[in-house]
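Since the structure comes first, as structure tokens, the remarks are kept for the end.
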There are 2 protein chains.
Amino acid sequence: MALKMRKNHSPNPPGPCMLTECMAVIAGAWAPNVIWSLRAGARRFSELKADIPPVTSKVLSTRLSELEARGVISRHVMPTSPPSVEYQLTALGRELIPALQAIVDVGHKLKSRA
Amino acid sequence: MALKMRKNHSPNPPGPCMLTECMAVIAGAWAPNVIWSLRAGARRFSELKADIPPVTSKVLSTRLSELEARGVISRHVMPTSPPSVEYQLTALGRELIPALQAIVDVGHKLKSRA
DNA sequence: CGGAATCCCCAGTGATACTG
DNA sequence: CAGTATCACTGGGGATTCCG
């Protein structure tokens with residue numbers, strides 16, 4: 001899986017800029033899945049990796065970084081031994097859930113008609 | 001802009017398969033914008049191209065072919081001279097609108113907080 | 001006008017291995 | 001456990017050109 005979204009073509013095209021804007025957030029391999037996995041609450045790196053088997057550590061950490069940079073998720077290092085890290089959606093990230101929910105809904109319809 | 005989605009990693013991963021399923025449909029460069037432009041009704045090739053300035057003819061026609069193949073849009077050749085072609089959403093395609101609407105909504109929130 | 005065919009290119013993935 | 005480092009590759013996308 002992979003998602004690419006052009007990140008910038010400077011003069012915002014007239015119409016569907018918001019669409020493009022937000023697509024960029026949920027773009028990137030496995031990004032939607034990560035958000036979806038976090039929808040019920042915080043999860044640790046290895047849990048996320050287990051939730052989404054085909055993802056590699058590299059891509060997962062890359063995606064987590066991006067999402068954190070965009071303010072969609074927050075990262076908390078737990079001072080345990082061995083150290084573990086928890087990720088959870090920020091308020092901003094939770095705003096994405098309805099959109100993903102809508103996508104999932106359509107996915108079901110697509111599936112049932114295929 | 002570009003979107004990639006893995007099309008198949010055979011044993012459907014437990015959870016977010018529907019998500020992936022549907023993401024694949026709206027993935028691909030400018031696909032969401034095309035659907036969005038068709039939201040209000042049928043449009044011709046050149047109109048779509050005008051709606052989404054940065055898209056090239058090749059990519060637009062590629063995307064239209066894919067979307068048609070997926071049953072999201074329908075293609076009608078008008079027997080005029082010069083010939084023109086109209087595209088419109090199928091019932092299936094219209095199912096996608098709520099999802100895109102949700103994405104646009106989130107886009108606004110993202111924008112207003114950035 | 002609408003779009004198919006070609007060529008090229010690199011960003012984004014994946015695989016693998018290594019580290020604190 | 002939670003990453004980072006390297007490498008190689010693939011195909012999606014852009015530009016350009018040609019066709020009916």
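Each chain gets a letter, A, B and so on, in the order the sequences are listed, and its residues count up from 1.
- Using a 4.5 Å heavy-atom threshold, the side chains of B:H76 and B:S74 count as touching.
- A:K49 comes within contact range of no nucleotide atom at all, as no heavy-atom separation falls under 4.0 Å.
- Judged purely by atom type and a 3.5 angstrom limit, A:S84 has no side-chain atom pairing as donor or acceptor with the backbone of A:M78.
- The CG-C1' distance, from B:L60 to D:dG14, rounds to 14 Å in whole Å.
- Going from atom CG of B:L48 over to atom P of C:dG2 covers 10 Å, rounded to whole Å.
- Nearest-nucleotide positions on DNA chain D for A:R75 and B:V59 put A:R75 closer to the 5' end.
- The side chain of B:R44 places no N or O atom within less than 4.0 Å of a non-bridging phosphate oxygen (OP1 or OP2) of C:dC1.
- Nearest to the side-chain atoms of B:S57 among the listed nucleotides D:dT4, D:dG14, C:dG3 stands C:dG3.
- Within the 4.0 angstrom heavy-atom criterion, only backbone atoms of the sugar-phosphate kind lie near A:S84; the bases stay farther away.
- The side-chain heavy atoms of A:W30 and A:L60, taken from C-beta on, include no pair separated by under 4.5 Å.
- The side chain of A:S46 has D:dA2 as its nearest neighbour among C:dG2, C:dG14, D:dA2.
- We find that OH of B:Y87 is positioned 7 Å from C1' of C:dG2, with the value rounded to whole Å.
- The nearest whole Å value for the distance from the CZ atom in B:R43 to the P atom in C:dG2 is 12 Å.
- With values rounded to the nearest 0.5 angstrom, B:L89 atom CG is found 11.0 Å from B:W36 atom CH2.
- Mapped onto DNA chain D by nearest heavy atom, A:S61 and A:P82 fall at different nucleotides, with A:P82 at the one closer to the 5' end.
- Between the P atom of D:dT4 and the CG atom of A:L64 lies a distance of 10 Å, rounded to the nearest Å.
- Counting to the nearest Å, the P atom of D:dA2 and the CZ atom of A:R63 are 19 Å from each other.
- Separating the CD1 atom of A:I52 from the P atom of C:dT13 is a distance of 13 Å, rounded to the nearest angstrom.
- The separation between B:E47 atom CD and C:dG2 atom P is 8 Å, rounded to whole Å.
- A close approach under 4.0 Å does occur between a side-chain nitrogen or oxygen of A:W30 and OP1 or OP2 of C:dG14.
- With hydrogens and angles left out, the side chain of B:K58 and the base of C:dG3 share no donor-acceptor pair within 3.5 Å.
- Under the 4.5 Å side-chain criterion, counting only non-hydrogen atoms from C-beta, B:P32 is not in contact with A:T20.
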